Each structure stands twice: as C-alpha cells, then as structure tokens.
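Below: the structure, in structure tokens.
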Amino acid sequence: MRIEDGAIFVTSGKQQEKYTLQERPSAKSIAVRGEKQNILGEINLEKMLNNLDLSVDLLQVAYNAVNGMKGLQKGVSNLQMRLADTLILSGATVQKFGYKTDDVIYNFIDAYNLLLSSEEEEALEILGDIRDEASAMREDAEKLGNKFQSIADDTEKVLNATIDQNTENYEKRESVIEDSNRMKAEEAALNALKDNLSARLKELNAEYSKLQKQQEKQEERAFALQLTGAILGALGMGVQTAMEVGGVGGGAPAASASAQSAQASLDAKKKERETLEGELKEINEKLSDLEAKLSDEKEQEKRDKLKAEREKLLKQKDDKNDKLKTVKTEYEALANSVKELGSSFEKTGEALSESAQSYNARLDEIFKIKTEIADKERENLVKLAEYAVKISNAVITKDSLDTAISSLVTAIGCLRQVVSHIKDMVAFWKSIETCCETLAGNKTIESVTRVEEKFKGKEDEVSLEKRTRPYKEAAFVRPYFTYLVRWAALHEICAEYTAALSKTKVRLNESIAAPEKTREEHWKDASTLAEGLSAKITEMRKATA
C-alpha cells in the first residue's frame, strides 16, 4: 500500500488500483477481496456453505439409518431441529450485519469528510457509534459460534451413542451365529444318532430273531455287539482304523457295517472341513494381494474398486468362517454320538454275556433295548422339529441385525462428516468474532482525539489546512483505509452467506417435514440417499480441487 497526497494505491501483481477515503471501495477491488480473504483466514466460504448444505442431506440419511432405534432416532431429529433454528438465527443475524455494515461504510466516509472540515467532535461521535456497533456484532458472532459448537458437541454425543449401538448389534449378531451353529450341530448330531439308532434297531431285530433260533450262538452274538461298540467308540474319539471284522458269528457283518457307516460319516465331515479351510486360505491370500495393491494405488477410482472388491472378499470370509464353525461343531457332535452309541453296544454285549445262562433273560434285555431305541427316536423327532424352528428364527434375526448394522455404519459415516462441517461453521463465526473485535478496537478515535487536543483553543491561530493535514498523512490514512476496507469486506461476506443460507434452510425444512415410513423403508431410503451423496461429494471435491 502506498499513500500520496491522501490517495491510496494498492498493487497486486501487475495490477494497481487507486482509492480515496471519500469513496466506497468496490466489492471486486483488490483491497476488498484481499481483506475478505484475511478475515476468513483458511476458510473457503463457498466450500463451507456447500458443506453446510451437504450436512442437511447427511443428517437426513442418518435419521433414516437409525429409524426405529431407541434414543438414536430422537437424537438425530433433535439435531435437525436445532440446526434449523440456528440457521434461522444466523441468517437473521447476518442479514442484520449486512444492513449495519452498509450503514457503517457510509458513516466512515461521512466521518472522514467531517475530519477534513476540522469537525472532530461530530466525527468522533460517528466513530464512537461505529465502535459500539462492532462491539455488539462481536457479541452476536460469539453467541452464534457457541450455538454451532453446541450442535457439534451434541452431534458427537449422538455419534458415540450410534457407535455403541452398532457395537452392541455386532455382539448380538455373534451370539446369534454362535447359538445357530450350536443348534445346527445338535441337529446334525440328532440326525446322525437317528440314523444310527435305526441301524441299531435293525441289527437288534435280526439279533432277536437269531437268539430265538440259535440259542447256542449267544456268546458269539454278545462278542459281536461288544466289538461293534469298541470300533464305534474308537471312531468317536477320532481314531482311524482299518480293522476288518470277521469270523465272529452272526453279529460280525452288522458290526462291520456300523463301523464302516460311522467311518464314512466322519470322513465326509473331515473332508468338508478341509475344503472350507482351503477356501479360507485362498480368500486370505487374495485379501493380502488386494491390500498390497491398495497401498500402491494412487488413483481414487481404482482405489474405490479395490475397496469394493475387498468388502466382497471380507463378506465371503465371514460366511466361510461361519460355515467352518458349524462343520467343526457338527464333526465333534457326530463323534460324540458315535462314541456314545459304541458304549451302548458294549454295555449290551456285556449284558448278554452276563445273562448267557438265561435265554429268556437275554430276549427280554434285547426287547427292552428295542423299546428304548424306539422311544429315543420319537424324542429325537420332537427335538429336530424344535431345532428347525429355532434355526429358522436365528437366520431371520441375523439377517435383521445385518441390515441394522449396515444402516448404523451409514449413520456413523454421515454423523462424522456433520461434526466436521458444523465445526467449520464454528471456525467461521470465530473469524467474524475476531474481525468485529478488531473493528471495535478502532484506534482512529485515539488519533483524532490527539489531533483535536493539539489544536484545541488555537482554532483562530491555525489555518484549516494545517489543522486537517494530519488526516491526510500516511500514519492516519493507512489504518483508516484498512478499517474502511475491512467493513466493506465484511459486508460482502454477509451478502454471500445470506444468499447461500436461504437454499440450505429450505432443504432442511423439507427434510424435517418428510413423511414417516416403516423402519425398513427408512433404512432403504438411507442406502439410496447415501449412494447419491457419495457421487455428490465426489463431484464437489473435483470442483474444489
């Protein structure tokens, strides 16, 4: 800035502009544009207002996403209402600021003209009023900054509550999966036991017939039952055997068939487990490769595709882990069932051996076992029916939790951005507060008072030109011009803020007035709106890059 004969010259690059304290500086002038940027500091007014407008959409997505969730829906709704009230207040305040700054600019010019006429008393009265206006504006700006800060703080509280709810839902989901896996394992064990019981009943019927016809072979039959129990017991403990059973009377083929059937069941489960483990290993290798690509990839579009592929693989991994847990549990349950069945065969064989002296006693014992097996089968059928219903309900609950978790994740992302955008508003009002504080501390009044006191009582002795000369010197003109430009810049900021805010207020009111729907419809809307916002944010970033 250069001062010559009361004229001010401001240079920017190769461009130079001339100003005078008796004319209002243009809104597009170098000085006003530069001071506007000084007031805002690092704040991009256009970007900040766009983000504020975006916050309206983000809050609406969050409201839809937490719909039906106790406490959270009300919390987001309150945030929307408070933001609406604060925007109305800020709009009215900035509009008032606009009127005041417009008046102040002309009053500043009028005060300078009075100083050039050596009418310091009248000029000081105007400058004092301007100082008071700036002080009142500083207080209003501080109040608005505090209101936006309060909204940001409460948004963080709702965000934390949403995170807690999501954590609780994950825990519930894990519990449901665990219960479902346990029920599936028990169902599989019951089915395996049912098949074994049926085979056992068939064997006992054959044995019963043979006992009636071949009393002399009762010891061999007892031995066959004990041998079957030993083999099945070993299989139940996970022991691999190639034992071939033969030469043990009429019961030997049945023992071999039971052992082979049990062995086949265990082998099938083992193979299924190994297949799942191999698939998980392959998925983990793909994930590792994707992470490496993500680390090296710089282009955002390719990174987004890689992230989407990673999310797909992570879901496959979760599904495979769930299946692996189920298969492992089924394997253990089946082994226990086979072991239990083997123990039962051994006990039956021992009983037959001990009762070898009484043919009728042996028949009664077998009949009793057949009755118990029939009862056990009926009991198993009832349990299987119950498990079928429970497992179905568990699947429905898990699907519901998965949807809720997906919605909460969306809400969390939205609320995080809202906190950031509202804090931008706090920073804006802090900068306006600082600007008004500077304007309220106008040292021009002190300068004018010193000049007035210097020539007090000497009005007739000193010429008007000499008395007003200090008001044309650089020491006075430079700060006076700075204050004038600062008021002009503040006026332009208020005008831009007011114009952009009206659109945001309308959209926020439309969001608040949106009709209520079912919880599922709100969740679907959250997903749809979130996808649209993602594209909108990408375009905004490109525009401001």
Side-chain angles (χ1 to χ4, degrees), residues 1-49 94-95 97-119 123 126-127 129-131 133-134 137 141 428 431-448 451 465 468-500 543-544:
M1 185 188 300
R2 178 168 54 88
I3 313 295
E4 290 183 7
D5 297 328
I8 304 106
F9 295 90
V10 177
T11 303
S12 177
K14 296 181 179 180
Q15 185 180 4
Q16 184 181 76
E17 292 179 348
K18 180 181 178 182
Y19 303 85
T20 172
L21 294 181
Q22 294 173 290
E23 292 181 0
R24 178 172 182 160
S26 168
K28 297 181 179 180
S29 66
I30 296 172
V32 173
R33 286 188 286 111
E35 189 58 37
K36 175 183 169 185
Q37 192 57 44
N38 289 337
I39 293 173
L40 294 174
E42 297 298 321
I43 300 172
N44 184 318
L45 183 61
E46 180 183 2
K47 182 178 179 181
M48 184 200 71
L49 290 169
V94 172
Q95 191 174 39
F97 282 7
Y99 295 145
K100 286 184 177 181
T101 52
D102 198 45
D103 291 340
V104 164
I105 291 169
Y106 290 111
N107 288 339
F108 236 93
I109 295 171
D110 290 344
Y112 186 71
N113 287 327
L114 288 169
L115 292 175
L116 294 181
S117 301
S118 193
E119 297 179 57
I126 293 174
L127 293 173
D129 290 341
I130 292 173
R131 180 185 59 192
E133 290 284 13
M137 288 170 65
F428 169 79
S431 70
I432 299 301
E433 178 187 345
T434 301
C435 173
C436 292
E437 186 175 13
T438 303
L439 293 172
N442 192 340
K443 294 184 179 179
T444 302
I445 294 176
E446 297 175 10
S447 299
V448 174
V451 174
E465 181 182 352
T468 59
R469 188 179 302 155
Y471 304 129
K472 299 176 183 178
E473 294 175 351
F476 182 86
V477 171
R478 181 177 283 105
Y480 200 94
F481 177 70
T482 299
Y483 284 120
L484 176 61
V485 169
R486 190 165 293 161
W487 278 105
L490 184 57
H491 178 77
E492 293 308 311
I493 290 172
C494 292
E496 290 182 30
Y497 185 95
T498 302
T544 56

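This structure is a prediction, so every number in the text was calculated from the model and none was measured.
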* Closest non-hydrogen atom pair, I109 against R24 -> CD1-N, 3.5 Å
* **Minimum heavy-atom distance T468-S118, with the two atoms named** => CG2-N, 3.8 Å
* Have a look at Y112 and tell me which of Y471, Y480, F481 forms a ring pair (Phe, Tyr, Trp, His ring centres under 6.0 Å) with it. => Y480
* **Closest contact, heavy atoms only, M48 versus F428** => SD-CB, 3.4 Å
* In Å and rounded to the nearest 0.5 Å, what is the CD1 to CD distance from I43 to Q37? -> 9.5 Å
* **Distance, nearest 0.5 Å, that separates NZ of K100 from SG of C494** => 11.0 Å
* Set of side chain to side chain contact (heavy atoms under 4.5 Å, CB included) partners for S26, sequence neighbours left out -> K28, S29
* Is a side-chain donor or acceptor of E473 paired with a backbone partner of V477 at a separation under 3.5 angstrom? -> no
* Spatial distance of atom CE (M137) from atom CG (L439) [nearest 0.5 Å] -> 7.5 Å
* Structure fact -> The reported gap from CZ in R131 to OG1 in T444 (rounded to nearest 0.5 angstrom) is 11.0 Å
* Could you list the residues that satisfy salt bridge (charged side-chain N to carboxylate O under 4.0 Å, His left out) with R478, not counting sequence neighbours? => none
* Asked: Can you name the residues that form a salt bridge (charged side-chain N to carboxylate O under 4.0 Å, His left out) with D129, not counting sequence neighbours?
  -> none
* Shortest non-hydrogen contact from I8 to T20? -> CD1-CA, 4.1 Å
* For E437, all residues meeting salt bridge (charged side-chain N to carboxylate O under 4.0 Å, His left out), sequence neighbours excluded -> none
* Determine whether L116 and Q22 make a side-chain contact, defined as any pair of heavy atoms from C-beta on separated by less than 4.5 Å. => yes
* More than 12 foreign heavy atoms under 6.0 Å from CD of E17: is that the case here? -> yes
* Taking it one step at a time, do K18 and E23 satisfy side-chain contact (heavy atoms from CB on, under 4.5 Å)? -> CA-CA 11 Å; K18 180 181 178 182; E23 292 181 0; over 6 Å; no
* Report the residues that fulfil salt bridge (charged side-chain N to carboxylate O under 4.0 Å, His left out) with E4, sequence neighbours left out, ordered by chain and then residue number. => R2
* More than 12 heavy atoms of other residues, nucleotides or ligands under 6.0 Å from OH of Y99: is that the case? -> no
* Asked: Once you round to the nearest 0.5 Å, how far does CG of D110 lie from CD1 of I105?
  -> 12.0 Å
* To do: Could you give me the CA-CA distance, side-chain angles and deciding distance for F476 and V448, then say whether side-chain contact (heavy atoms from CB on, under 4.5 Å) is met?
  => CA-CA 9 Å; F476 182 86; V448 174; 3.8 Å; yes
* Structure fact -> For I39 and S431 the tightest heavy-atom approach is O-CB, 3.3 Å
* Nearest heavy-atom neighbours spanning C436 and A134 -> CB-O, 3.5 Å
* **Heavy-atom side-chain contact between K472 and I3 under 4.5 Å** => no
* To do: Answer yes or no: is there a side-chain heavy-atom contact under 4.5 Å between I30 and Y19?
  => yes
Under 3.5 Å, side-chain donor or acceptor atoms of residues 485-493 against the rest of the protein: list the pairs with distances, not counting sequence neighbours.
residue : atom : partner : partner atom : Å
R486    : NE   : E35     : OE2          : 2.9
R486    : NH2  : E35     : OE2          : 3.4
H491    : ND1  : G98     : O            : 3.1
H491    : ND1  : T101    : OG1          : 2.9

* Structure fact -> Rounding to 0.5 Å, atoms CZ (F97) and OG1 (T498) come to a distance of 10.5 Å
